[in-house]
Every structure is written in structure tokens, then in C-alpha cells.
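Atoms within each ligand, like the ligands themselves, are counted from 1 in listed order.
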Amino acid sequence: AIDIRTLRNTTGYITLDSGYMNTGSCSSEITFLDGEQGILNYRGYGINELAEKCSFVEVAYLLLIGELPTREQLDHFRALLSRFALIHEDMIHFFDHFPPNAPPMAILSTMVNTLHNFYPEMSSDSDEELLIIAARLISKIRTIAAFSYKKSEGHPLIYPRYDLSYCGNFLNMMFDKPVKPYVVQPEVVATVNKLLILHADHEQNCSTSTVRLVGSAGVNVYTSISAGISALWGPLHGGANQAVIEMLEAIHQDNNDFEKYIKKAKDRNDPFRLTGFGHRVYKTFDPRATIIKQACDQTLQALNVDDPLLDIAKELEDIVRNDDYFVSRNLYPNVDFYSGIIYRAMGIPTNMFTVMFAMGRLPGWISHWSEMTYGSDNSRIGRPRQVYTGYKKREFVPIHERN
Ligand code: ACO
């Protein structure tokens, strides 16, 4: 049920739309989403085709510039990504001062905000300037993510290599060890590419809207993106991929007592929800979930991993799809339901899952920041109104008369 109340105001009407269920905050040319039919297109290209045929870097270029790159343009963007792969040596000392159990999403958002202190603020008025801003962020976030993992393990940092692809480089920085060199497997690289593409944009979701809202105050791009990372961290948003694995593990430890969790999810007095199900916009299958489910089977097979959590996930999905409570509310698996099982199989620790999501979402955030800042529908600070329900006018009571 949508609670829409309209109130007369001096400048017109205020519409109360809690959770912005039906409020368009901007016009955008970046991503088309039809939640009734399960369609997702970036710049007019279907997500299935992009996930099948493109690299993440190619899709990042498409989102940013609006066109698929030629071979030459792609090589240029790749060269920029290589050029900006390192972070300032002084930034590396920051890692020493986080507590050992600091959540990687907190580290990521702090470090991305800090980039502003080390790198110049630029306008993105031309495609080349936008590519430089984007390459700097997309490349450095990968290095920050891998370094924060290495620091948390107490292992020496592995620096980026110039002979590896974007995703291959990330995996190498994560898993290479001086005593045990990591072999980059093409199947794993292909899966990471696919996952990052599927996460690359999703129109005005919570984190992207945050990037736009914060950016609309005129603050720099790093700070706007850092705010988006903080929003993504929430378990109702990107943090769901970590929460799904924790839920599946709990079901596993409870001897696969599905009934208990289904009952809890249906109980309106219990805040528990089946994480990985439901979506604000999709009222049918999330097209990304379909692709990820398939990639999950393929990757586990390629890596020869037999994970009981995959069987639990599939059984849970079956139960949910045949249960009236979930069917009547259009609750289908979302993008986060199967992605964590793939990350686990690759050896990525659970608390890094949402960081992977952030790496994928970066081209979308930057594209929206740029569209908001330089597009034709720009210039106003985001400033929603409210419907005030508090006291009207009260008599002031001096402190000695209060009881
Ligand atoms: N488990 C059980 N019940 C659910 C779930 C769920 N996962 N999701 C929604 N419902 C129920 C609600 O209780 C509500 O029931 P009611 O009508 O009886 O009150 C109804 O379905 C509608 O739910 P809302 O909360 O109004 O839907 P909303 O669009 O606000 O929320 C959301 C969407 C946050 C994704 C929700 O479905 C949810 O919490 N899912 C679990 C968390 C999750 O997986 N988040 C990741 C989303 S994808 C992403 O952000 C990348």
C-alpha cells in the first residue's frame, strides 16, 4: 500500500511518498529498468548480452560515455586504468591505523573519501576528463580493496601488475603470496567480470540516489562516492550478499530447518527477513539473479567446489516459490542471493562481498554523478520536503516550572 498524501504549500503541493516508492528524482539516460517484465538495459543494451560478450572495463566505458568503445578507445581507457592503479604511499600508512576487525566497507568508504586529499579535483566537462576521473577511482578502489584484505590477514601487500586485466589484477593482488604464487584462472576472471557487469548500475537505488544527493550539494566526486559506499553497506541494500551467506550458514547449522526460518520471515512481529529475496522494483525474477544462478553452477563446477550452501539456497528458493506468502508479495531471489556462493568458492572472505559489489557499482555511481553535475537536467540541490506531524505552536515553559 502506498501512502501518498498531498499538502498545499506556498510553492505548490507536497507529495508524501515514504521510501520514494513512486517518486522520480531525476531524468536519466543511463539505465532502463522494467520491474514488471524483468528487463535491465545499460544505455539501451540488454544486460544478458553485455554480461555474455563484454568485459567489465568495456561496460564501464559504455555507462560513462554512452557508447560502446572502439578497440582504440578501450585500449586508451585500459591504459588509464593501469596508469592510476597505485595509491599514494602515504595513503598506505592509513591501513596501519584501523583496528584489526574493522569492516572492509568502513575502510573503503574512508579511503575513497581520503582520495580527495591526494588527487586533484577535476571537472568532467569533456569525455577525456570524465575517463580520467573514472579510471582513477575504478583502478584505485581495486587496489584499496585488495590492500585492505591483505592488511587484515597480516600479509605483505601485492602491488598491481601491468600485464594483467582489471579483474585478473584484482584476484592476483588478493591471493598472490611471496611463498605461494597465485595462478590467475581464466574461468575465475570471466566470472568476476560477469559479476561486476551485473552490478555496474541499477538506476536510482539507495546508494546511487545518495551519490546524487550528496553530489548535488556541490561536494567533490570522491566524497559523493564515499557516501554511496556507506549506503551500499546496509543489509537491506548491498550488504545483503554477506547477510545471505550468514543466513544460509545458520540454516545449515540448524540441520536445514527451513520451516523455522520461513516461519520467522512471515512473522510480522519478527524483524527477520529472508535476505536475498524481494526487491523494490522487480516484481518478477531479477534478471541479474537468473544469470548469477547459472554462473554459480558453472563456477563451482570449474573450481571443483562442492558447497552445501548452494543446495540449501536452491531448496530455499524452491520452498519460497511455492509458498503463498512470498508468491502473493512477488518476492523472488534478487542479485544478492547467489552471488555470495560464487565469491565463497573463489576464496573471497564473507566480509569482502559488499566490497565486490561496490567495485562493480562504481561506473554507475560515477556516471550518475557526472550526469547530475553536467547533464541537461542538473543544477539544483536535492532537497526533499516533509509532511510535518508534530506540535503546532506551544507555550514555552521556563526550566524551573517544568516537571
Ligand atoms: N522476507 C520476508 N518478507 C519480505 C521480504 C523478505 N525478504 N521482503 C519483503 N517482504 C514482505 C514485507 O514484510 C511486506 O509484507 P507486508 O505487505 O505483509 O507488510 C512486503 O513483503 C513488502 O515489503 P516492503 O518492505 O514494503 O518492500 P520494499 O520494497 O520496501 O523492500 C527490500 C524491498 C528492502 C529489498 C525487501 O524486499 C527486503 O528487505 N529484502 C531482504 C533484503 C535484501 O535482500 N536486500 C537486497 C535487495 S537488492 C539490492 O539492494 C542490491
Side-chain angles (χ1 to χ4, degrees), residues 1-4 16-23 31 33 35-36 38 40 47 105 195-211 228-248 250-251 258-293 313 316-343 350 353-365 368:
I2 304 164
D3 176 14
I4 296 182
L16 178 64
D17 181 10
S18 166
Y20 311 124
M21 303 272 288
N22 287 288
T23 297
T31 287
L33 204 177
E36 302 295 324
L40 175 62
I47 190 70
M105 284 298 275
L195 285 166
L196 296 188
I197 290 170
L198 293 171
H199 287 88
D201 193 39
H202 213 231
E203 55 122 290
Q204 306 312 316
N205 55 84
C206 180
S207 54
T208 304
S209 300
T210 302
V211 170
I229 292 170
S230 299
L232 187 75
W233 190 7
L236 295 186
H237 192 15
N241 57 10
Q242 173 173 343
V244 166
I245 291 296
E246 288 160 0
M247 176 185 75
L248 295 175
I251 296 175
F258 292 99
E259 195 46 47
K260 173 176 159 188
Y261 291 85
I262 297 280
K263 210 169 144 202
K264 265 170 82 62
K266 291 180 185 177
D267 182 354
R268 302 190 71 152
N269 297 318
D270 188 329
F272 175 79
R273 286 187 166 193
L274 284 188
T275 312
F277 289 90
H279 196 275
R280 169 58 62 78
V281 185
Y282 291 119
K283 297 306 164 200
T284 179
F285 242 92
D286 179 338
R288 303 166 300 174
T290 314
I291 304 172
I292 291 179
K293 187 177 176 185
L316 186 61
E317 185 192 333
D318 269 356
I319 295 170
V320 164
R321 291 181 67 187
N322 289 300
D323 185 310
D324 269 358
Y325 172 93
F326 297 96
V327 173
S328 64
R329 288 169 177 77
N330 297 313
L331 301 171
Y332 293 86
N334 58 44
V335 67
D336 293 316
F337 191 58
Y338 286 102
S339 60
I341 297 174
I342 305 185
Y343 292 138
T350 314
F353 291 179
T354 317
V355 171
M356 300 297 295
F357 194 148
M359 278 172 56
R361 185 52 55 87
L362 201 47
W365 287 333
H368 282 275

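- In this structure the side chain of Lys266 never reaches within 4.5 angstrom of the side chain of Tyr261, judged on heavy atoms.
- In the model, Thr208 has no side-chain atom that pairs as donor or acceptor with a side-chain atom of His202 under 3.5 Å.
- Side-chain contact of Ser207 with Trp365: a donor-acceptor pair under 3.5 Å is present, judged by distance alone.
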Short N or O separations between ligand 1 and the protein, below 3.5 Å:
{"from": "ligand 1", "atom 1": "1 (N)", "to": "Leu274", "atom 2": "N", "distance (Å)": "3.1"}
{"from": "ligand 1", "atom 1": "3 (N)", "to": "Tyr325", "atom 2": "OH", "distance (Å)": "3.1"}
{"from": "ligand 1", "atom 1": "7 (N)", "to": "Leu274", "atom 2": "O", "distance (Å)": "2.8"}
{"from": "ligand 1", "atom 1": "7 (N)", "to": "Phe277", "atom 2": "O", "distance (Å)": "3.0"}
{"from": "ligand 1", "atom 1": "13 (O)", "to": "Arg273", "atom 2": "NH2", "distance (Å)": "3.3"}
{"from": "ligand 1", "atom 1": "15 (O)", "to": "Arg329", "atom 2": "NE", "distance (Å)": "3.2"}
{"from": "ligand 1", "atom 1": "18 (O)", "to": "Arg268", "atom 2": "NH1", "distance (Å)": "3.3"}
{"from": "ligand 1", "atom 1": "18 (O)", "to": "Arg329", "atom 2": "NE", "distance (Å)": "3.1"}
{"from": "ligand 1", "atom 1": "18 (O)", "to": "Arg329", "atom 2": "NH2", "distance (Å)": "2.9"}
{"from": "ligand 1", "atom 1": "19 (O)", "to": "Arg268", "atom 2": "NH2", "distance (Å)": "2.9"}
{"from": "ligand 1", "atom 1": "25 (O)", "to": "Arg273", "atom 2": "NH1", "distance (Å)": "3.0"}
{"from": "ligand 1", "atom 1": "25 (O)", "to": "Arg273", "atom 2": "NH2", "distance (Å)": "2.9"}
{"from": "ligand 1", "atom 1": "29 (O)", "to": "Arg280", "atom 2": "NE", "distance (Å)": "2.8"}
{"from": "ligand 1", "atom 1": "30 (O)", "to": "Arg280", "atom 2": "NH2", "distance (Å)": "3.0"}
{"from": "ligand 1", "atom 1": "39 (O)", "to": "Arg273", "atom 2": "NH1", "distance (Å)": "2.9"}
{"from": "ligand 1", "atom 1": "40 (N)", "to": "Phe277", "atom 2": "O", "distance (Å)": "3.0"}
{"from": "ligand 1", "atom 1": "44 (O)", "to": "Gly276", "atom 2": "N", "distance (Å)": "2.8"}
{"from": "ligand 1", "atom 1": "44 (O)", "to": "Asn334", "atom 2": "ND2", "distance (Å)": "2.9"}
{"from": "ligand 1", "atom 1": "45 (N)", "to": "Leu236", "atom 2": "O", "distance (Å)": "3.0"}
{"from": "ligand 1", "atom 1": "50 (O)", "to": "His237", "atom 2": "ND1", "distance (Å)": "2.9"}

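- Taking every heavy atom of both residues into account, Ile341 and Ala313 meet most closely at CD1-CB, 3.8 Å.
- Contacts classified as side-chain hydrogen bond (donor to acceptor under 3.5 Å, both in side chains) and involving residues 326-339 (residues at least two apart or in different chains) are given here: Glu317-Tyr338.
- In this structure, the side chain of Asp286 does not engage the main chain of Tyr282 through any donor-acceptor pair within 3.5 Å.
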